[in-house]
Amino acid sequence: MLDQKLIRENPTFVKENLSLRGKDYNISHIQELAVKKKEIDIEVSNLQYESKKLSKLIGQEINKSKNNNSLQLNNLKKKGNEYRIKISEFEEKQRIFDKEINNEILSLPNFPSKDAPIGKDESNNVQVKTWGEPLKEESLKSHWEIGESLNLFDFTKSTKISKSRFITLIGNGARLERALINFMLDMHIKNGYLELMPPALVNSESLTGSGQLPKFSNESFKCSNDDLWLSPTAEVPLTAFHRNEIIDKSQLPIKYVAYSPCFRREAGSYGRDTKGLIRLHQFNKVELYWFCDPRESLEAHQKITADAESILKKLNLPYRLVDICTGDLGFSSSRTFDLEVWLPSSKCYREISSCSNCLDFQARRSSIRTKIDKKNTYLHTLNGSGLAIGRTMAAILENGQQNDGSVKIPEALVPYFGSNYLKLA
RNA sequence: GGAGAGGUGGCUGAGUGGUCGAAAGCGAACGAUUCGAAAUCGUUUAAUAGGGAACUAUUCGUGGGUUCGAAUCCCACCCUCUCCGCCA
């Protein structure tokens, strides 16, 4: 959430910063509302002051005269009543304005960082570096072909259970998924992260706090009888874990790692990635999350990205690091580094982790602060996948495929998986 | 799901219509004392908005209502705890 005062007092600044995202944002409407609202606030405050003064006077008079029904008193009460009516009229207006302004401000995305490359869309993202040698042989099989031939998962049967874009992992497939989750968690814990296993269902307030609501209600599954949603990413419960808190500076940075299932409606992606493990309604993810001192979030962003990268390196998967351009940034993010893993069958890099610095955007929505020089200050939050499990599995299958149809398991994963090769059982 | 209890400041906890934003205690900060510390004494110590200060308003789970005046009364909702039932 952007600062309301900033919108009110410096709309040009806000508009310019937002327009870096390549879209026009209509700030003037919100700005007008905010200014009007402030006027109303002042008016209400003045009326309340008068009315409060009068009430006190009445109290004193009653104490003094012991007669609470004199003509003078009744006149005072009548005046008080007038105040009340007037105030309630203004308060009604206040409520309407508040609701509208809040809704609009909550729908504005974060400012892009000045360091982010300027651009309109994906095509303007900047490749920062690559790691490893991408396999470029022809006739390499896709992960879904490999997976089905090794009987690791079944898509058609899963359609029966739920619908398309759901998967059931079978035997070694399930085992590999588990191995990856444990491997990643252990790595990150060793790196100083505290593991959290949060609820998979989250309420509206939590989704608003991290930025999914009110604008993207379409992208999450909602439970019909409760104010609960299936969490689209552990980022949501992790942010909400500290909502409405003032965290002591000595505790920062707080670094969490959480495994969670993630649920996404993927509305509007019909026909895209219909095959394989790339785009599912439900997938597993190990998420990294930092709460940090606002003065340290730039470094933290480098670190969290490096922590996510370390997994890819350990698994020996070729990848590249991409600096996301202003037009392609997620709603809450000011700067994002994507890690993209090489998928030989499609001969391209695919996103496997997204590491974002949200600055105080989520902290303001969620009211998470720390004291700096005795002043309460919104802290900064960062998140990064470390990594998406399904996509990692896809990458392992494709990059580790052997001529005999088996798949070589990355060395670091062998203790977790229990075998060097993935073969037909 | 049934029955009951309860939600007050960083924490514990008092407060049932009038200087109550709220006693007391704990914790914390600062000062005195000390070579230093503990103990002791003193002072300070909620948040948000109004550009700092002064000052003002709001906030005692949330939203309404009654009243000149609500932490306190009324209504609705949410949450927590205990007991019973059911359940992995």
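Note that these values count all heavy atoms, side chains included, but never hydrogens, waters or copies made by symmetry. We name chains A, B, ... by the order of the sequence lines, and we start the count at 1 in each one.
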Checklist outcome for this item: B:A57 -> Watson-Crick or G-U wobble partner, both distances under 3.5 Å, gives B:U48
Checklist entry - Which of the following nucleotides, B:U19, B:C68, B:A47, is nearest to the side chain of A:Gln60? => result B:U19
Checklist entry - Taking the six-membered ring for Trp, are A:His301 and A:Phe337 parallel (under 30°), tilted (30 to 60°) or perpendicular (over 60°)? => result parallel
Checklist entry - Of the nucleotides B:C68, B:A47, B:U58, which has the atom closest to the A:Arg369 side chain? => result B:A47
Checklist entry - When you compare B:C20 with B:A57, how far apart are their P atoms, in angstrom units rounded to a whole number? => result 14 Å
Checklist entry - Could you run down nucleotides 6-11 of chain B 5' to 3' and tag each one B, S or - for protein heavy-atom contact under 4.0 Å? => result ------
Next on the checklist: Please classify the nucleic acid contact of A:Ile58 as base, sugar-phosphate, or nothing, using heavy-atom distances under 4.0 Å.
Outcome noted: base
Checklist entry - Less than 6.0 Å separating the ring centroids of A:Tyr416 and A:Phe183? => result yes
Checklist entry - How are the rings of A:Tyr256 and A:His242 set to each other: parallel, tilted or perpendicular (split at 30° and 60°)? => result parallel
Checklist entry - Applying a 3.5 Å limit to both distances, which nucleotide forms a Watson-Crick or G-U wobble pair with B:G7? => result B:C78
Checklist outcome for this item: Under a 3.5 Å limit on both distances, the Watson-Crick or wobble mate of B:C30 is B:G42
Next on the checklist: Nearest to the side chain of A:Lys371, heavy atoms from C-beta on, is which of B:A47, B:G64, B:U56?
Outcome noted: B:A47
Item to check | Gap separating the CD atom of A:Glu398 from the CD1 atom of A:Ile146, nearest 0.5 angstrom | outcome: 6.0 Å
Next on the checklist: So if I take every side-chain heavy atom of A:Lys5 and compare against B:A57, B:G50, B:A47, which nucleotide ends up nearest?
Outcome noted: B:G50
Checklist entry - Of the nucleotides B:G18, B:U58, B:U56, which has the atom closest to the A:Lys52 side chain? => result B:U58
Next on the checklist: Regarding A:Asn376, tell me which of base, sugar-phosphate or nothing describes its non-hydrogen contacts under 4.0 Å with the strands shown.
Outcome noted: sugar-phosphate
Checklist outcome for this item: Looking only at B:G18, B:U56, B:G69, the nucleotide nearest the A:Ile62 side chain is B:G18
Checklist entry - What's the CG-P distance between A:Asp248 and B:A29, to the nearest Å? => result 10 Å
Checklist entry - Is the phosphate of B:G63, meaning OP1 or OP2, less than 4.0 Å from a side-chain N or O of A:Arg95? => result no
Next on the checklist: Does the Lys NZ or Arg CZ of A:Lys255 fall within the cation-pi geometry relative to A:Tyr193 - under 6.0 Å from the ring centre and within 45° of the axis?
Outcome noted: yes
Next on the checklist: What is the distance, to the nearest angstrom, from the CD atom on A:Glu50 to the P atom on B:C68?
Outcome noted: 18 Å
Checklist entry - Roughly how many Å is it from NZ in A:Lys56 to P in B:C20, rounded to a whole number? => result 8 Å
Item to check | Cation-aromatic face contact A:Lys52/A:Tyr49, 6.0 Å, 45 degrees | outcome: no
Next on the checklist: What is the distance, to the nearest angstrom, from the NZ atom on A:Lys375 to the P atom on B:A29?
Outcome noted: 22 Å
Item to check | Near-ring test A:His380/A:Phe361, centroid separation under 6.0 angstrom | outcome: no
Checklist outcome for this item: Across every strand shown, the nucleotide meeting Watson-Crick or G-U wobble geometry with B:G85 (both distances under 3.5 Å) is none
Checklist outcome for this item: Across every strand shown, the nucleotide meeting Watson-Crick or G-U wobble geometry with B:U12 (both distances under 3.5 Å) is B:A24
Checklist entry - Just how far is it from atom CG of A:Leu180 to atom CG of A:Leu176, taken to the nearest 0.5 Å? => result 4.5 Å
Checklist entry - Among the nucleotides B:G50, B:G18, B:U58, which one has an atom lying closest to any side-chain atom of A:Lys38? => result B:G50
